[in-house]
Amino acid sequence: MRAVDIIRKKRQGGELSREEMLFLIRGYCATTIPDYQMSAFLMAVTFRGMSQGEMASMTEEMMRSGEVLDLGFLAGVKVDKHSTGGVGDKTSLIVAPSVAAAGLIVPMIAGRGLAHTGGTLDKLESIPGFNVRLTSEKFKETLARANVALIGQTDRLAPADRKLYALRDVTGTVDCQPLIAASIMSKKLAEGIDALVLDVKTGSGAFMKGQQEAEELARAMVGIGQSCGKKLAALITDMNQPLGELVGNSLEVVECIEVLKGRGSRDVVALSEELSAHCFVLGGAVENLEQGRELFRKMIRSGQALAKFEQIVRLQDGNPAVIEDYSLLPRARHESPLLATETGYVQFMDTEKIGLAMSMLGAGRETVDSQIDHAVGMRVDKKIGDAVEDGEALCTVFYNDEARFQEALKRLRESYKLSPEPPQRPTLIKKVIG
Ligand code: URA
């Protein structure tokens, strides 16, 4: 077999066999296939797509490139939740403790901020001392004690994805639906889970801007998971505006703790409830979604979800006192509002631009080595459909660096569009697949 023949076959729209896929992925990991050939292959896939069978074999080979966790020693169903990424998208910090508090096991391997989107690991690391770099042994030990642990991808987990992702990042092949599906699913399947709930974002702040594209990605991932014998559900959810009220790492931790205390923004509560309900159904803890929603509410009302969050923070070396004293979290030195210059209704928010503005403030990375400023971010004072008076605050920016603030403010100003008539508010949960 030769890589060049496989590249040509894909370029002409052919369907690769399992053996050909295996040859490519193994060869790339073993460095017998160089970056330039793999880049050509990825670009061919970006133009030609992949069949469900090709995606399944690519995912499986990427998963097998490293360790596949065996969590069989833990009695109970293992469930995880994964989002394709958004702005203010913080539900993992609520869903993981709520689902674990009800008795399911949540081995969550989360990601860092990517492009304009935030990352669960960056949010957790704003809690002083919190350690997301557990070894596989410590990860298993924490799961055995608490039913839940939240960590980053280790070197041993799906290393083919790490290598391929870095290459995609510099060859313009990130926003390719089959490659995203294989990338996400290879990591999730290596976690040793029985069931997975996917939150597939669509809208101006999502990687998949159109709902149809998001649905195709959801179907592809559900198909891959099911072909590996796992239970899956994918929710197509709105990302035309930031989720909740706060954006930025420590700010989002505060918003999550508020939800766990039975308060918090309505949309964050609603989405966390729905995602948790699906985890409960797939994990066999309840018979239907309504019972799942009620179980989530019970975990919040009783304080069990908050207690589980506290246990996670403690077991992963974080300071649990932040739960009662938010001043222990990083705080920005300055705050300033973005004022409306006309009266009307918020019609559109360019959420990708908002995410980039936050990244520019320091909430995200410009390069892989950039240091994050966990304190900075924004409060979303007005959302789509809200009435705004001239001179009223659209949002409030929390910052530490004046020059970065000015740049971010300019982008934020460009992100808001007002109209004289009230527009329809976006529907939060658009569809469920699987
Ligand atoms: N998240 C991933 O893990 N992989 C992708 O390709 C895109 C988003």
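Atoms within each ligand, like the ligands themselves, are counted from 1 in listed order.
Annotation for I372 and A363: closest pair CD1-O, 3.4 Å, computed over non-hydrogen atoms. Taking all atoms of both residues into account, the shortest heavy-atom contact from F280 to F296 is CE1-N, 3.7 Å.
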- request: Could you go through the side chain to side chain contact (heavy atoms under 4.5 Å, CB included) check for E20 and K9 one step at a time?
  value: CA-CA 10 Å; E20 285 167 326; K9 183 172 174 183; 2.9 Å; yes

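Heavy atoms of other residues, nucleotides or ligands lying less than 6.0 angstrom from CD of Q212 number 12 at most. Residue R263 qualifies as enclosed at atom CZ: its count of foreign heavy atoms under 6.0 Å is above 12.
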Tabulate distances under 3.5 Å between N/O atoms of ligand 1 and N/O atoms of the protein, writing both atom names on each line.
unit_1   : atom_1 : unit_2 : atom_2 : d
ligand 1 : 3 (O)  : K187   : NZ     : 2.5
ligand 1 : 4 (N)  : S183   : OG     : 2.7
ligand 1 : 6 (O)  : R168   : NH1    : 3.0
ligand 1 : 6 (O)  : R168   : NH2    : 3.0
ligand 1 : 6 (O)  : S183   : OG     : 3.4

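Considering K187, K230, K188 as possible partners of D80, the one that fulfils the salt bridge (Lys or Arg N to Asp or Glu O under 4.0 Å) test is K188.
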